[in-house]
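Values below: every heavy atom of this structure, side chains too, minus hydrogens, waters and symmetry copies. Nothing here was measured: the structure is a model prediction, and the numbers come from that model.
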Amino acid sequence: EYLVQRHKHEIFPLTKKRYLFAEVTNFEFFEMYDDFGNINFNVFAFSNKIGDEKVLVIFNNAYQECKGTINYSVPKSVNANDGSKHLVKTKLGDALQLNYDHRTYFICRDHKSNLEHLFSGKDILDHGFYLHLQGYEYKIFLDFREVYDTNRIYERLYHWLQGRGVYSISEAVKEHTLIPVHAAIDD
């Protein structure tokens with residue numbers, strides 16, 4: 001019964017977006033580097049894009065927890081205009097078509113937890129995507145949308161969340177803007 005329920009919650013909904021996992025035109029496979037600069041061969045990470053839809057999948061295929069950064073794809077053979085082939089690495093931020101503007105942030109949803117996450121496109125393009133995974137843990141980020149930070153509220157929220165997911169980023173923005181009001185009432 002547990003496995004059936006888990007499949008209903010985690011696997012079956014993804015079959016409706018099978019094209020995000022099956023098409024190869026924009027598929028990129030990434031290496032995760034640990035804090036010491038070594039490749040963690042137990043982590044499988046890939047991104048894909050079809051139209052405006054994007055997905056980022058990361059899986060720790062080991063019992064041990066891991067921490068590290070995903071930044072560049074594994075080299076991929078591409079055809080040049082003259083018909084020759086050469087190897088190319090793609091940055092994660094470029095594969096996801098993130099905007100480099102320091103005021104542009106991205107909201108996406110983790111499929112398993114159904115929590116929304118806030119990311120800085122500039123930070124991912126500059127430094128890659130740092131994460132921590134427990135043994136056999138996975139993350140599937142879907143439903144990417146871009147927001148422009150006109151009043152620096154997303155910047156403050158991004159630093160406050162430090163990668164944690166929340167039920168709703170828009171609700172977290174409202175709550176975060178009310179922190180000074182709550183503090184004044186508590187005094």
When you measure from the side chain of [X] to the backbone of [Y], do you find a donor-acceptor pair of N or O atoms at a distance under 3.5 Å?
X      : Y      : value
His7   : Phe12  : no
Arg103 : Asp149 : yes
Asn60  : Gln134 : yes
Arg18  : Thr15  : no
Lys85  : Leu87  : no
Lys112 : Glu137 : no
Asn48  : Leu20  : yes
Asp94  : Gln97  : no
Lys91  : Leu125 : yes

Please report the closest heavy-atom contact between [X] and [Y], naming both atoms and the distance.
X      : Y      : value
Ala172 : Val166 : CB-CG2, 4.1 Å
Phe21  : Val57  : CE2-CG2, 3.8 Å
Lys49  : Asn26  : O-ND2, 2.9 Å
Pro13  : His111 : CB-CE1, 3.8 Å

- In terms of ring plane angle, is the pair Phe44 and Phe59 parallel, tilted or perpendicular, where the classes change at 30° and 60°? parallel
- Message: According to a hydrophobic-cluster definition based on side-chain heavy atoms being under 4.5 Å apart (Ile, Leu, Val, Met, Phe, Trp, Tyr only), do Ile107 and Trp160 belong together?
- Response: yes
- Are Phe27 and Val88 co-members of a hydrophobic cluster defined by side-chain heavy atoms under 4.5 Å apart?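 Per the 4.5 Å side-chain linkage, Val88 and Phe27 are not co-clustered.
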- From Ile58 atom CD1 to Phe30 atom CZ, the distance as rounded to the nearest 0.5 Å: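 The CD1 atom of Ile58 sits 9.5 Å away from the CZ atom of Phe30.
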Is any side-chain heavy atom of [X] closer than 4.5 Å to a side-chain heavy atom of [Y]?
X      : Y      : value
Ile70  : Leu56  : no
Tyr138 : Glu10  : yes
Leu142 : Leu14  : yes
Lys139 : Leu133 : yes

- Phe119 ring center near Phe141 ring center (under 6.0 Å): yes
- Query: Is the shortest side-chain N to carboxylate O distance from Arg145 to Glu116 below 4.0 Å?
  - Reply: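 Result for this pair is yes, salt bridge flagged.
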- Item | Glu65 with Lys67: basic N within carboxylate O range, under 4.0 Å |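 Between Lys67 and Glu65 there is no salt bridge, as every charged N stays at least 4.0 Å from the carboxylate O atoms.
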- Got a sec: does the NE2 of His9 have more than 12 other heavy atoms crowding it under 6.0 Å?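 Buried by this count: over 12 neighbours within 6.0 Å.
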- Query: Under 3.5 Å, is there a donor-acceptor pair linking the side chains of Asp123 and Tyr105?
  - Reply: no
- Query: Between the side chains of Tyr148 and Glu146, is a donor N or O closer than 3.5 angstrom to an acceptor N or O?
  - Reply: no
